[in-house]
Undergrad: 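First, the structure itself, so that you have it in front of you.
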Amino acid sequence: MLVDFRPHTRLRGTKPVDLTTSLVPVVEALGEGAVDLAKVRVVSDWVQYRENFRDVVDLRPILHSAPAGGGAVPVPMGAREDDLEVAVDVRRSHDVALKELTATLLRSAPDRAVLEGWGRGSESLVWDFNALYWSALELWEKATGCGYEQALPGGESDARNRDAARELIDGLFAVWDRLSASNALPEELYVVELGVGNGSQAKVFLDEFRDRDREHGRGYYRRLHYLMCDYSQHVLDLARETVAEHIAHVSSFALDATRPRTSLGFLQYKVFLVYISNVYDNLPTDEVAHLGGRTYCVQTRAYLPAGEAAELAGSVAASTQELPALVHKLLRLGPALLPEAAAAHFPDVDSAVGFWRRAWAALRLEERYVPLPGLDTYPLTPVTGRVGQIPLSGELLRPLLESGADVRMHVNNGALASFVDSLMLLHPFGTLVCHDLFVTDIEGYRTHFRGPGKYDGSVVNWVNGPLLAHVGRRRGFDVHYDRFRHRTGGNIVTMTAQVRD
Ligand SMILES: C[S@@+](CC[C@H](N)C(=O)[O-])C[C@H]1O[C@@H](n2cnc3c(N)ncnc32)[C@H](O)[C@@H]1O
């Protein structure tokens, strides 16, 4: 048996994790059960998100071959072939009857309302919930009485930070002054922001830009075009109101941040700044793992635990069997239209919003490990056939997966696609700046839980910084990570990407 205790820093300090109550009962239950102990991994995490998709103990089957139709998977010499991973959240495990809980799970599969089939994490319906949250944000915020920013670390976005905006603007002015001196500065100065939220980031940038330009005296504000992009029309409308005083310099685009060039192709090589904050951690992602010498894709499937499912179904005069169809209807139509489509269950919009919030709170993800037949068979970004779009091969993961001990990490497929597509927009002297939750060292995946968690109605996963940097460098860009300098104590890191000199 292999026991992987990831949050080792929690073994010290004022309230150290007590292994005898938080982990040992799991091992005891395994000892008394029927599983082959030589083929079990026990993995402990500290799941820092109070709202998340995990139970205190989860069982994750480790498949030896891809499910039907997946083809044969070669087994490397000397690889461990485990059957089962037992995952324990040690933040919560001392509060429950841990041994009994684990023994019950080992005896038989628990009763659940399963909402979808097994698939890659990036394909799960949790992303439909995420998109619904942003498109119907107004209804959600009305029901909770809280704005989305309150769920972000620190209670507000670091993108509002004026010192950070000034530093960025001064950098832009320096580049433009140099280009201007050699008559190489285009008349139109483009800045693209992806994922604008309520527009606070855009407003801070535009206010500071106007003020700095007044002092600088080169008339850059007059030439500025700020393009606000988001996939939620509601969010774009909010942001437009926020930047009303700058509206002559602002356009908005409803687009998917994972494919900015579908709408912004006309700006290829013309954009001086692509500006992103707290968006990459909100884009669909798979997870992959290298365990005992084999590489796996983590497959997931969303479910509601039986008790919560029965309660939820009862609250809308439905049976548990009807629940999956109602959830899918909610995700397809949104809460505003649900009362029309399912009047017997939802008398009004408020009841549909209540159903949405309760379903989201109860939502969990089952996981299993499925061996990958070869990294080259796993495209990291979609194969679209679009001109200039080369899918990224899973081979890019190899140096990170084979970097030492067992590791499980995010692929951040959505962020990768967005990043690569955005680089194509950049002027040769342009910069991509992204404030987000980056893991900057693969070791960080071996010691800390990095998601998924729930931020209010949305999904959060940390972003695989070494992977983005590796991909950027292969494309001729310098990619740097710096701790966000303008606030102490936060986890936000700033990524900067520029064409290599
Ligand atoms: C957490 S908010 C961040 C807002 C703002 N940048 C900030 O830092 O406060 C995430 C934003 O990304 C947008 N978003 C998420 N996924 C997106 C996608 N695939 N395409 C476009 N926008 C997306 C959401 O609608 C939302 O406005």
Side-chain angles (χ1 to χ4, degrees), residues 159 165 168-169 171-180 183-197 199 201-203 205-206 209-210 213 218-233 235-236 239-240 243 246-277 279-280 283 381-382 384-390 392 414-435 468 471-472 475-479 495-500:
L168 192 57
I169 291 160
L172 275 177
F173 284 7
V175 169
W176 292 346
D177 289 349
R178 276 201 307 277
L179 287 173
S180 181
N183 283 330
L185 186 66
E187 176 56 27
E188 321 271 306
L189 304 174
Y190 291 107
V191 171
V192 167
E193 185 189 341
L194 299 177
V196 291
Q201 170 176 357
K203 176 161 169 50
F205 182 91
L206 289 160
F209 191 103
R210 183 187 50 200
D213 182 51
R218 297 285 188 101
Y220 292 147
Y221 181 68
R222 183 184 52 77
R223 295 157 72 175
L224 178 70
H225 293 266
Y226 193 96
L227 281 66
M228 298 194 305
C229 308
D230 206 285
Y231 69 174
S232 158
Q233 190 56 50
V235 158
L236 282 174
R240 275 187 84 79
V243 298
H246 300 284
I247 210 69
H249 299 275
V250 175
S251 335
S252 30
F253 288 79
L255 58 76
D256 188 335
T258 65
R259 299 189 299 270
R261 278 191 308 144
T262 44
S263 303
L264 303 182
F266 67 101
L267 289 181
Q268 189 150 314
Y269 309 132
K270 291 187 179 157
V271 176
F272 279 100
L273 174 65
V274 176
Y275 195 22
I276 313 152
S277 150
V279 179
Y280 282 0
L283 297 175
T381 48
T384 62
R386 267 168 49 217
V387 179
Q389 196 262 5
I390 308 156
L392 298 177
L416 267 180
S418 179
F419 177 61
V420 167
D421 217 37
S422 301
L423 293 181
M424 301 286 287
L425 295 175
L426 286 182
H427 181 280
F429 289 95
T431 311
L432 181 147
V433 173
C434 176
H435 306 299
L468 261 73
V471 168
R475 287 171 180 244
F477 285 79
D478 271 332
V479 181
M495 176 180 80
T496 311
Q498 283 171 317
V499 175
R500 197 177 299 135

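Numbers here simply count residues along the sequence, with the first being 1. Side chains included, hydrogens not; waters and symmetry mates left out as well; all remaining heavy atoms used.
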Undergrad: Within this structure, what is the CG-OG distance for the pair L227 and S251, rounded to the nearest 0.5 Å?
TA: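 Here the interatomic distance stands at 4.5 Å.
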
Undergrad: Got a second to check how far K203's NZ is from H246's NE2, nearest 0.5 Å?
TA: 5.0 Å

Undergrad: Has Y221 got more than 12 heavy atoms of other residues, nucleotides or ligands less than 6.0 Å from its OH?
TA: yes

Undergrad: Please give me the minimum heavy-atom distance between T431 and L426, naming the atom from each residue.
TA: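 So the minimum-distance heavy-atom pair works out to O-CD2, 3.5 Å.
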
Undergrad: Please list, chain by chain and in numerical order, all residues satisfying salt bridge (Lys or Arg N to Asp or Glu O under 4.0 Å) with D213, sequence neighbours excluded.
TA: none

Undergrad: Would you please indicate yes or no on a ring centroid separation below 6.0 angstrom for F272 and H427?
TA: yes

Undergrad: State which residues pass side chain to side chain donor-acceptor pair (under 3.5 Å) with D478; sequence neighbours excluded, sorted by chain then number.
TA: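 D478: no side chain to side chain donor-acceptor pair (under 3.5 Å) contacts found.
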
Undergrad: Which distance, rounded to the nearest 0.5 Å, do you find between the CG of L206 and the CE of M228?
TA: 8.5 Å

Undergrad: Residues two or more places apart in sequence or in another chain: which of them pass side chain to side chain donor-acceptor pair (under 3.5 Å) with S232?
TA: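 Testing S232 for side chain to side chain donor-acceptor pair (under 3.5 Å), a comparison that skips the adjacent residues, returns none.
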
Undergrad: With rounding to the nearest 0.5 angstrom, report the CG to OG1 distance, L392 to T381.
TA: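 OG1 of T381 is found 3.5 Å from CG of L392.
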
Undergrad: Quick test of your reading of the model: are D421 and R261 salt-bridged, counting only N-O distances below 4.0 Å?
TA: yes

Undergrad: So V274 and V433, do their side chains get closer than 4.5 Å, heavy atoms only?
TA: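 A side-chain contact under 4.5 Å is absent here.
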
Undergrad: I need the minimum non-hydrogen distance between S418 and A257, along with the two atoms involved.
TA: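 Shortest heavy-atom separation between S418 and A257 comes out as OG-O, 2.7 Å.
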
Undergrad: For T258 and A417, indicate whether the former's side chain and the latter's backbone hold a donor-acceptor pair under 3.5 Å.
TA: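 No.
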
Undergrad: Minimum heavy-atom separation for L423 and A497, please, with both atom names.
TA: CD2-CB, 4.2 Å

Undergrad: Would you please name every residue forming a side chain to side chain donor-acceptor pair (under 3.5 Å) with K270, sequence neighbours left out?
TA: none

Undergrad: Can you give me the closest heavy-atom contact between L194 and V279, atom names plus distance?
TA: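 That would be O-CG2, 3.4 Å.
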
Undergrad: Identify the two heavy atoms, one from V243 and one from G199, that lie closest to each other, and give their separation to 0.1 Å.
TA: CG1-O, 4.0 Å

Undergrad: Given the rule in the side-chain contact (heavy atoms from CB on, under 4.5 Å) test, do V420 and V471 qualify, once you have shown the distances and angles that lead to the verdict?
TA: CA-CA 8 Å; V420 167; V471 168; 3.6 Å; yes

Undergrad: Distance check, rounded to the nearest 0.5 Å: F419 atom CZ versus R475 atom CZ?
TA: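 Spacing of CZ (F419) from CZ (R475) equals 9.0 Å.
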
Undergrad: Sequence neighbours left out, cut at 3.5 Å: what donor-acceptor pairs do the side chains of residues 186-193 make with other protein atoms?
TA:
unit_1, atom_1, unit_2, atom_2, d
E188, OE1, H225, NE2, 2.8
E193, OE1, Y226, OH, 2.6

Undergrad: How would you list, by chain and number, every residue that makes a side chain to side chain donor-acceptor pair (under 3.5 Å) with R500, sequence neighbours excluded?
TA: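 Partners of R500 by the side chain to side chain donor-acceptor pair (under 3.5 Å) criterion come out as none, since no residue qualifies.
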
Undergrad: Test side-chain contact (heavy atoms from CB on, under 4.5 Å) on H435 and I276; report intermediate values, then the result.
TA: CA-CA 6 Å; H435 306 299; I276 313 152; over 6 Å; no

Undergrad: First locate atom CG of L185, then atom OH of Y220, and finally report the distance between them rounded to the nearest 0.5 Å.
TA: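 Answer rounded to 0.5 Å: 5.5 Å.
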
Undergrad: Assess the pair Y231 and F253: is the distance between their ring centroids shorter than 6.0 Å?
TA: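 For Y231 and F253, the ring centres are not under 6.0 Å apart.
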
Undergrad: Do you know which two heavy atoms are closest between L432 and S422, and how far apart they sit?
TA: CD1-CB, 3.6 Å

